Amino acid sequence: MTKKERVLKAFQNEPVDKVPMGFWYHFSSDEDTGAAMVEQHLKLYREAGMDMIKVMCDGYFNYPNPYIEKVTCAEDWFGLTPLGDDHPYITNQVNRVRAIVDAVKDECCVFYNVFCPMSLMRFGTSEELLMKHLRENPEAVCHAFTVIAQDVKALVRRVITEAGATGIYYCVQNAETFRFTAEEYRRLVTPVELDVLKYANTLSENNILHCCGWAGDPNRVEVWQDYPSKAVNWAIYVENLPLKEGKEYFGGRCVLGGFDNRKGGVLYSGSREEVEQEVEKILASAGKTGIILGADCTLPSDIPAERLRWVREKLDSL
């Protein structure tokens, strides 16, 4: 069974010859956004022996819409317009994915990290400004969400149809319990998030939903429970939702995860024996079907690839 077949069968909850795995981390800030970044992705993939590549959007977190600098009050968001399909912000990300897809050819699945519109707006402004304006004029800010979504959808379309990505790894955030009630989130944020995800699903049936616990604050995970995707990844150690229970919670879909991504976790700090025992523990609980072994989120970038290879070799032995 090829790596690509293994992941796609896991997506379908079909038996596999061995449980697939996928890990990733942010690359160092001194890596440029061109060939060096591509090589870093390929190096990690090869040294760790992974079954898939999740391409990072490092260098493209900030949404570079120049109009944002003109925003002084909430009502100003009504003036936001899209960057456009051919803006370098989009084209350069497409080129990164294309280079990685071309390098691995049909060997494995390649997914591109795509942030939800609200997060891109937060990156381009600040958390404080966004929430202040959302309270003052939710209609104006929601207009901005829909504008940003147009650019996100252009990125999604080009990454899948031009660059050849298998699908996207769609990162939804901002549902922390301190930020919104579930009703507020579903009313203000869900419509635009679903618009992007449903559009991605028209282009590829193999998209991953990532319910991000980036800051370590619990989310109202229930707001994402019905988001349609082939696989789901969430912060099991933040949300206190283990892999087995989470698979049931998300309707039996394929789940990706199992390991704590933090420096205090077994994968980063444990001995080889402890890492191998953790692999056995995860699979004993969650099973081997419809599972891709990974982590809650991005790993620390200084983790040696050798530690990920321990996971690969243990999976190969089971």
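The chain is numbered in sequence order, starting from 1. Being a predicted model, the structure only gives us computed values, none of them experimental.
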S.K.: So, K281 and E274, do they make that salt bridge, N to O below 4.0 Å?
M.R.: no

S.K.: I'd like to know if the side chain of T166 reaches the main chain of V110, judged simply by a donor and an acceptor atom lying under 3.5 Å from each other, with no hydrogens or angles considered.
M.R.: yes

S.K.: As a quick check of understanding, evaluate side-chain contact (heavy atoms from CB on, under 4.5 Å) for V192 and I148, giving each step before the final call.
M.R.: CA-CA 9 Å; V192 72; I148 297 171; over 6 Å; no

S.K.: Give a yes or no on whether the backbone of G213 and the side-chain of Q173 come within a donor-acceptor separation of less than 3.5 Å.
M.R.: no

S.K.: Charged N to carboxylate O below 4.0 Å: is that the case for K314 and E280?
M.R.: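 Salt bridge between K314 and E280, a charged N being under 4.0 Å from a carboxylate O: yes.
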
S.K.: To check you understand the geometry: which heavy-atom pair defines the closest contact between G167 and S204, and what is its length?
M.R.: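 Looks like CA-OG, 4.0 Å.
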
S.K.: When hydrophobic residues are tied together by side-chain contacts of less than 4.5 Å, even through go-betweens, does M1 share a cluster with L318?
M.R.: no

S.K.: Find the distance between CE (M52) and CZ (F23) and round it off to the nearest 0.5 Å.
M.R.: 10.5 Å

S.K.: Is any NZ, NE, NH1 or NH2 atom of the basic residue among K43 and E39 found under 4.0 Å from an Asp or Glu carboxylate oxygen of the other?
M.R.: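 Salt bridge flag = no for E39 with K43.
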
S.K.: Other residues, nucleotides and ligands only: do more than 12 of their heavy atoms fall within 6.0 Å of CD on E139?
M.R.: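 No - once you tally the heavy atoms of other residues, nucleotides and ligands closer than 6.0 Å, there are 12 at most.
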
S.K.: Charged N to carboxylate O below 4.0 Å: is that the case for R272 and E276?
M.R.: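 Yes, charged N to carboxylate O under 4.0 Å.
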
S.K.: Under a 3.5 Å distance rule, please check whether S269 uses its side chain to pair with a backbone N or O of V266 as donor and acceptor.
M.R.: no

S.K.: Would you say the side chains of Y170 and N113 form a donor-acceptor pair under 3.5 Å?
M.R.: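 No - no donor-acceptor pair under 3.5 Å links their side chains.
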
S.K.: Is there a side-chain contact between K4 and D106, using heavy atoms and a 4.5 Å cut-off?
M.R.: yes

S.K.: Evaluate the salt bridge (Lys or Arg N to Asp or Glu O under 4.0 Å) criterion for residues D85 and K153: first the C-alpha distance (whole Å), next the side-chain angles of each, then the deciding distance (0.1 Å), finally the verdict.
M.R.: CA-CA 9 Å; D85 291 20; K153 288 163 73 173; over 6 Å; no

S.K.: What's the spacing between M121 CE and N62 CG if we round to 0.5 Å?
M.R.: 13.5 Å

S.K.: A side-chain contact here means heavy atoms from C-beta on lying under 4.5 Å apart; do P218 and E176 qualify?
M.R.: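 The answer is no; the side chains never approach within 4.5 Å.
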
S.K.: Under a 3.5 Å threshold, yes or no: a donor from one side chain and an acceptor from the other, between K132 and N137?
M.R.: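 No - no donor-acceptor pair under 3.5 Å links their side chains.
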
S.K.: Do F259 and D296 have side chains that get closer than 4.5 Å, going by heavy atoms?
M.R.: no

S.K.: Answer whether the closest heavy-atom distance between the side chains of L203 and N201 falls below 4.5 Å.
M.R.: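 Answer no - side chains too far apart.
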
S.K.: Tell me, do K230 and N207 make a side-chain contact under 4.5 Å, heavy atoms counted?
M.R.: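 Not in contact.
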
S.K.: Any carboxylate oxygen within less than 4.0 angstrom of a Lys/Arg side-chain nitrogen, looking at E127 and R179?
M.R.: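 Counted as a salt bridge, because a side-chain N and a carboxylate O are separated by less than 4.0 Å.
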
S.K.: Is the shortest side-chain heavy-atom distance between C109 and N206 below 4.5 Å?
M.R.: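 Counting from C-beta outward, C109 and N206 never come under 4.5 Å.
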
S.K.: Show your working on side-chain contact (heavy atoms from CB on, under 4.5 Å) between V255 and N233 and close with a plain yes or no.
M.R.: CA-CA 6 Å; V255 293; N233 172 227; over 6 Å; no

S.K.: Measure the acute angle between the ring planes of F78 and H143, then classify it against the limits of 30° and 60° as parallel, tilted or perpendicular.
M.R.: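 Plane angle between 30° and 60°, so tilted.
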
S.K.: Does this structure show an ion pair linking R6 with D17, if we count only N-O contacts that are shorter than 4.0 Å?
M.R.: yes

S.K.: So if I apply the side-chain contact (heavy atoms from CB on, under 4.5 Å) rule between M56 and each of Y25, Y169, Y112, W24, which one comes out positive?
M.R.: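 When side-chain contact (heavy atoms from CB on, under 4.5 Å) is applied between M56 and each of Y25, Y169, Y112, W24, only W24 qualifies.
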
S.K.: Please determine, by modelled atom types, if N261 and T298 share a side-chain donor-acceptor pair under 3.5 angstrom.
M.R.: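 No, because no side-chain N or O of N261 sits under 3.5 Å from a partner of the opposite role on T298.
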
S.K.: Between N65 and Y67, does any side-chain donor sit less than 3.5 Å from a side-chain acceptor?
M.R.: no

S.K.: Please state whether the rings of H41 and F27 are parallel, tilted or perpendicular, taking 30° and 60° as the class boundaries.
M.R.: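 Taking F27 first and then H41, their aromatic rings sit tilted (interplane angle of 30° to 60°).
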
S.K.: With rounding to the nearest 0.5 Å, note down the distance linking CE in M21 to CD1 in I291.
M.R.: 15.5 Å

S.K.: Please check if the number of heavy atoms outside N240 that lie under 6.0 Å from its CG is greater than 12.
M.R.: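 It does not: N240 CG has 12 such atoms or fewer within range.
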
S.K.: Side chains of W234 and F250, heavy atoms from C-beta outward: is any pair under 4.5 Å?
M.R.: yes

S.K.: Are E107 and Y45 linked by a side-chain donor-acceptor pair shorter than 3.5 Å?
M.R.: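 There is such a pair (donor and acceptor under 3.5 Å, judged by atom type) between the side chains of E107 and Y45.
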
S.K.: Considering non-hydrogen atoms only, spot the tightest contact between L83 and P66 and give its length.
M.R.: CD2-CD, 4.3 Å

S.K.: Under a 3.5 Å threshold, yes or no: a donor from one side chain and an acceptor from the other, between E193 and Y185?
M.R.: yes

S.K.: Kindly state whether the ring of F111 and the ring of H210 have centres lying under 6.0 angstrom apart.
M.R.: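 No, ring centres 6.0 Å or more apart.
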
S.K.: Assess the residue pair I168 and I208 against the criterion (side-chain contact (heavy atoms from CB on, under 4.5 Å)); give the C-alpha distance rounded to whole Å, side-chain angles, the decisive distance to 0.1 Å, and a yes or no.
M.R.: CA-CA 6 Å; I168 64 168; I208 302 169; over 6 Å; no

S.K.: So, D76 side chain and T72 main chain: donor-acceptor pair closer than 3.5 Å or not?
M.R.: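 Yes, D76 side chain to T72 backbone: donor-acceptor pair under 3.5 Å.
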
S.K.: Verify side-chain contact (heavy atoms from CB on, under 4.5 Å) between L283 and V19, making sure each step is shown before the conclusion.
M.R.: CA-CA 9 Å; L283 299 186; V19 174; 4.0 Å; yes

S.K.: Do R122's NZ or CZ and the ring of W214 fall within the cation-pi criteria of under 6.0 Å and 45°?
M.R.: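 Pair R122/W214 counts as cation-pi.
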
S.K.: Can you tell whether the side chains of K18 and D51 come within less than 4.0 Å, N to carboxylate O?
M.R.: no

S.K.: How close do S229 and L209 get, heavy atom to heavy atom, and via which atoms?
M.R.: OG-CB, 3.4 Å

S.K.: Decide yes or no for P15 and K9: does some side-chain heavy atom of the first lie under 4.5 Å from some side-chain heavy atom of the second?
M.R.: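 No, side chains not in contact.
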
S.K.: Give me the ring orientation class for F115 and F123: parallel if the planes are under 30° apart, tilted from 30 to 60°, perpendicular past 60°.
M.R.: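 Plane angle over 60°, so perpendicular.
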
S.K.: Measure from the side-chain N and O atoms of R307 to the backbone N and O of L267, and report whether any donor-acceptor pair falls under 3.5 Å.
M.R.: yes

S.K.: Report the distance from atom CZ of R220 to atom CD of Q225, rounding to the nearest 0.5 Å.
M.R.: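 Reported value, rounded in 0.5 Å steps: 14.5 Å.
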
S.K.: Do the side-chain N and O atoms of T91 and R158 include a donor-acceptor pair separated by under 3.5 angstrom?
M.R.: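 Yes, side-chain donor-acceptor contact under 3.5 Å.
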
S.K.: Looking at every heavy atom in both I236 and L243, which two are closest together, and how far apart are they?
M.R.: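 Reported closest heavy-atom pair: CG2-N, 4.3 Å.
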
S.K.: Quick one: pull up CD1 in I68 and CG in L80 and give me the separation to the nearest 0.5 Å.
M.R.: 6.5 Å

S.K.: Checking side-chain polar atoms at under 3.5 Å, does E278 have a donor or acceptor matched by the opposite partner on W310?
M.R.: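 No, no side-chain donor-acceptor pair sits under 3.5 Å.
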
S.K.: Please give me the minimum heavy-atom distance between A99 and V38, naming the atom from each residue.
M.R.: CB-CG2, 3.8 Å

S.K.: Counting neighbours of CD on E183 that are heavy atoms of other residues, nucleotides or ligands and sit closer than 6.0 Å, is the number greater than 12?
M.R.: yes

S.K.: If you measure from CG on L130 to CZ on R135, what distance do you get to the nearest 0.5 Å?
M.R.: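 Those atoms lie 10.0 Å apart.
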
S.K.: I'd like to know if R98 pairs up with D102 as an ion pair, taking the criterion as any Lys NZ or Arg NE/NH1/NH2 lying under 4.0 Å from an Asp or Glu carboxylate oxygen.
M.R.: no

S.K.: Check step by step if side-chain hydrogen bond (donor to acceptor under 3.5 Å, both in side chains) holds for N219 and T177.
M.R.: CA-CA 5 Å; N219 289 287; T177 55; over 6 Å; no

S.K.: Tell me whether Q93 contacts the main-chain N or O of Y89 through its side chain, where contact means a donor paired with an acceptor under 3.5 Å.
M.R.: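 Side chain of Q93 to backbone of Y89, a donor-acceptor pair under 3.5 Å: yes, one is there.
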
S.K.: For Y227 and T190, does a side-chain donor sit closer than 3.5 Å to a side-chain acceptor?
M.R.: yes

S.K.: To check you understand the geometry: which heavy-atom pair defines the closest contact between V16 and A10, and what is its length?
M.R.: CG1-N, 4.0 Å

S.K.: Is a donor on one side and an acceptor on the other found under 3.5 Å between the side chain of K263 and the backbone of P300?
M.R.: no

